[in-house]
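The chains referred to below are lettered A, B, ... by the order of the sequence lines, with proteins before strands, and numbering in each begins at 1. Atom set for the values below is all heavy atoms of this structure, side chains included, hydrogens, waters and symmetry mates excluded.
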There are 2 protein chains.
Amino acid sequence: MHKKLFIPGPVEVRQEVLEKMSTPMIGHRSKEASELQRHISDNLRKLFYTQSEILLSTSSGSGLMEGAIRSCTAKRAAVFSVGAFGKRWYKMAISNNVPADIFEFEMGKAVKVDKVKEVLNTGKYDLVAVTHNETSTGIMNPIKEIGEVIKNYPEVVFIVDTVSSAGGTKIEVDNCGIDVCLTSSQKALGLPPGLSVCTFSEKAKNRAENVKNRGFYLDLLALYKYLKKKNYQYPSTPSLSHMFALDYQLNYILNVEGLENRFKRHIEMADIVRNWGRKYFELFPEEGYLSNTLTTIKNTRGISVSDLNKELAKRGFQISNGYGDLKEKTFRIAHMADITVDEVKELLDNINDILDLK
Amino acid sequence: MHKKLFIPGPVEVRQEVLEKMSTPMIGHRSKEASELQRHISDNLRKLFYTQSEILLSTSSGSGLMEGAIRSCTAKRAAVFSVGAFGKRWYKMAISNNVPADIFEFEMGKAVKVDKVKEVLNTGKYDLVAVTHNETSTGIMNPIKEIGEVIKNYPEVVFIVDTVSSAGGTKIEVDNCGIDVCLTSSQKALGLPPGLSVCTFSEKAKNRAENVKNRGFYLDLLALYKYLKKKNYQYPSTPSLSHMFALDYQLNYILNVEGLENRFKRHIEMADIVRNWGRKYFELFPEEGYLSNTLTTIKNTRGISVSDLNKELAKRGFQISNGYGDLKEKTFRIAHMADITVDEVKELLDNINDILDLK
């Protein structure tokens with residue numbers, strides 16, 4: 001029995017999008033392949049509200065995260081972390097001998113803008129890495145405010161992981177001063193996993209030109225240069241299946257549903273889940289920084305989350321237990337991509353029924 | 001109009017395999033995901049004739065190549081190169097500050113085993129990297145003989161790029177003493193591009209334990225450790241679509257067509273194309289080392305390869321021009337994956353007709 005996924009990726013994928021994954025192959029050095037990538041790039045620029053170039057990577061979001069922090073740090077990276085995926089930025093830097101420091105905030109709290117200011121005032125850093133939407137806690141960081149601070153430090157490249165938010169909430173890349181904004185296919189974009197994408201500003205490009213030891217496959221500058229030289233092609237063989245599906249889905253997002261409608265629907269779904277969470281449990285993340293794509297709920301009733309998921313599975317649903325140490329202490333309901341308001345309500349009704357909540 | 005692909009990847013993919021790419025999503029931390037990866041690993045062990053562990057990477061073959069040479073070189077890598085993909089090994093090492101030397105053979109010639117012996121006798125190297133099937137020239141290197149030499153140097157880890165040969169010709173990984181044998185989905189395995197796989201020996205694992213600076217996403221040891229700890233799961237979110245399709249296709253290769261039949265069919269197709277090439281042109285690579293999956297033909301008639309491909313496109317076929325500097329001086333016909341003998345004959349009949357060859 002198929003389980004409808006309310007987990008923070010992979011998400012439920014629309015049938016039409018799944019079908020595009022079956023498109024017959026074309027040569028990756030053909031005009032069609034160039035046109036396909038160019039079309040995707042043009043549409044992603046709209047989704048990200050940016051003039052920057054778009055890079056594709058046949059990898060999970062982690063691949064592009066590593067590529068970004070390694071390609072764009074010349075001096076020292078400052079990682080501001082509010083959970084597991086923030087820590088991942090730091091691990092990636094260290095494992096590539098990229099000088100970096102991590103500044104951690106309590107689980108469930110957002111990045112404090114004053115801290116960013118204080119850290120950058122040391123003059124030690126030329127890159128800031130932030131997780132926009134931290135799926136381990138359900139926090140959505142204030143990237144607009146962080147970006148405002150960073151604008152005062154012209155040397156600093158700003159890279160943001162929007163893996164679980166892009167496509168589900170408005171991210172104005174140029175307005176926020178983001179140099180590399182990356183996401184992957186299997187979250188709010190509503191595709192299967194296997195492809196990641198990012199914006200790549202002129203500033204990021206200039207920085208990468210001055211970074212040695214950028215590696216090969218995840219080198220953002222290599223992706224950029226190849227694309228420019230070879231008319232929107234990819235240095236190795238890309239996942240064409242994902243590109244066909246992404247091209248189709250971007251057209252749907254931009255021209256059928258419409259970006260504003262999509263963001264509104266995500267807020268609506270988030271509100272329903274939050275209000276349910278507040279009524280029967282408590283919300284884990286601090287108010288004011290709640291994610292629009294995922295809600296983390298404190299298990300104040302001491303239920304067995306794992307048993308709840310077993311019961312839900314019998315009814316064709318799946319939610320997520322807490323992440324890492326938060327397992328059983330919290331649980332997570334993702335409300336992203338193409339799930340509808342009615343489907344969210346149906347899920348909550350089923351949980352109410354299983355837990356006998358009134 | 002769809003063009004049937006006789007290019008060295010992406011290849012023509014069977015309809016049933018394409019359809020598996022549309023399988024609805026499952027959680028990548030579920031029991032089903034573990035079972036899927038374990039089943040793929042068991043079957044790949046049969047395909048590679050090995051007892052080694054199998055690693056999957058959501059990347060093109062280049063990603064795993066970089067991961068292998070970076071993760072497994074502690075002292076210095078010796079790259080034996082017979083063309084563009086051999087050079088790529090070297091570039092990957094250098095771009096990661098991995099000490100390496102390249103030993104190049106003339107385009108169209110195979111690696112000479114005596115040279116390997118001579119190089120390893122210096123005692124400078126603890127890793128040998130070789131391309132099995134060099135798609136830029138159509139050479140299939142004698143990995144069995146190279147492996148025999150390497151067995152005399154117990155310190156040396158042997159890594160082989162079988163990207164365009166695995167699944168189309170017998171590669172006995174354990175018999176050849178290969179520690180990391182890697183390939184990707186879009187060649188002789190007959191899948192869309194986007195996933196790569198490798199064998200990972202105990203010796204490769206022990207080596208990687210002693211290598212610092214292995215990076216994150218392409219770190220073979222990290223993939224291995226995660227798989228062991230988390231019961232055949234993948235550290236980030238893998239391309240589940242490719243895994244569904246690969247699982248299906250491996251069952252077809254092993255249990256429907258059968259490995260021996262598959263290899264025999266590839267030899268049959270290769271013989272037909274070679275004989276045609278010898279009759280009307282000349283073969284580019286040296287006899288004795290001809291690839292079973294791809295034939296590179298010297299353009300002794302001075303035809304316009306690009307015009308030929310345009311005419312073929314009108315009839316629904318696509319072959320490859322020469323690679324890089326060999327463009328128009330050679331052309332390449334791939335005969336791999338699930339293309340049939342009759343389809344190869346049909347292609348050649350069409351070329352004969354277009355070029356008026358009798």
Chain B heavy atoms under 4.5 Å from [X]: which part of the residue, side chain, backbone, both or neither?
X	value
A:His28	both
A:Ile26	backbone
A:Glu32	side chain
A:Pro238	backbone
A:Ser62	both
A:Ser320	neither
A:Leu240	both
A:Val98	neither

query: Under the side chain to side chain contact (heavy atoms under 4.5 Å, CB included) criterion, do B:Phe216 and A:Arg88 qualify, and how do the steps go?
result: CA-CA 9 Å; B:Phe216 189 92; A:Arg88 191 174 283 188; 3.7 Å; yes
For residues [X] and [Y], determine if any side-chain heavy atom of one lies less than 4.5 Å from a side-chain heavy atom of the other.
X	Y	value
B:Arg214	A:Ser95	no
A:Met25	B:Lys4	no
B:Pro10	A:Thr237	yes
B:Met21	A:Pro192	no
B:Ser239	A:His242	yes

Using 0.5 Å steps for rounding, measure from the [atom1] atom of [X] to the [atom2] atom of [Y].
X	Y	atom1	atom2	value
B:Lys212	A:Asn97	NZ	CG	10.0 Å
B:Ser241	A:Leu191	OG	CG	9.5 Å
B:Met92	A:Asp219	CE	CG	11.5 Å
B:Leu218	A:Leu218	CG	CG	5.0 Å

task: Could you have a look at A:Val13, A:Leu5, A:Ile7 and say which one has the most heavy-atom pairs with chain B under 4.5 angstrom?
output: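 When all of A:Val13, A:Leu5, A:Ile7 are compared, A:Leu5 has the most.
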Choice from A:Pro235, A:Pro193, A:Gly194, A:Ala93 maximising heavy atom contacts with chain B below 4.5 Å: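 Option with the greatest count: A:Pro193.
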Side chain, backbone, both or neither: which part of [X] has an atom under 4.5 Å from a heavy atom of chain A?
X	answer
B:Val17	neither
B:Arg70	side chain
B:Ser57	neither

task: Look at B:Gln186, B:Glu12, B:Gln15 and state which one has the largest set of heavy-atom pairs under 4.5 Å with chain A.
output: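 The residue among B:Gln186, B:Glu12, B:Gln15 with the greatest pair count is B:Gln186.
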message: Looking at B:Leu18, is its backbone amide N or carbonyl O close enough to the side chain of A:Ser22 to form a donor-acceptor pair, meaning the two atoms are under 3.5 Å apart?
response: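 Between the backbone of B:Leu18 and the side chain of A:Ser22 there is a qualifying donor-acceptor contact (under 3.5 Å).
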query: Looking just at side-chain N and O atoms, do B:Thr58 and A:Ser59 make a donor-acceptor pair shorter than 3.5 Å?
result: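 No pair is found: no donor N or O on one side chain lies under 3.5 Å from an acceptor on the other.
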query: Using a distance-only test with no angle check, is there a side-chain donor-acceptor pair under 3.5 angstrom linking A:Ser60 and B:Ser236?
result: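 There is such a pair (donor and acceptor under 3.5 Å, judged by atom type) between the side chains of A:Ser60 and B:Ser236.
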message: Can you tell me if B:Asp307 has over 12 outside heavy atoms packed within less than 6.0 Å of its CG?
response: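 Counting other residues, nucleotides and ligands, CG of B:Asp307 exceeds 12 neighbours.
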task: Answer yes or no: does atom CG of A:Asn231 have more than 12 heavy-atom neighbours from other residues, nucleotides or ligands under 6.0 Å?
output: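 Correct, the count exceeds 12.
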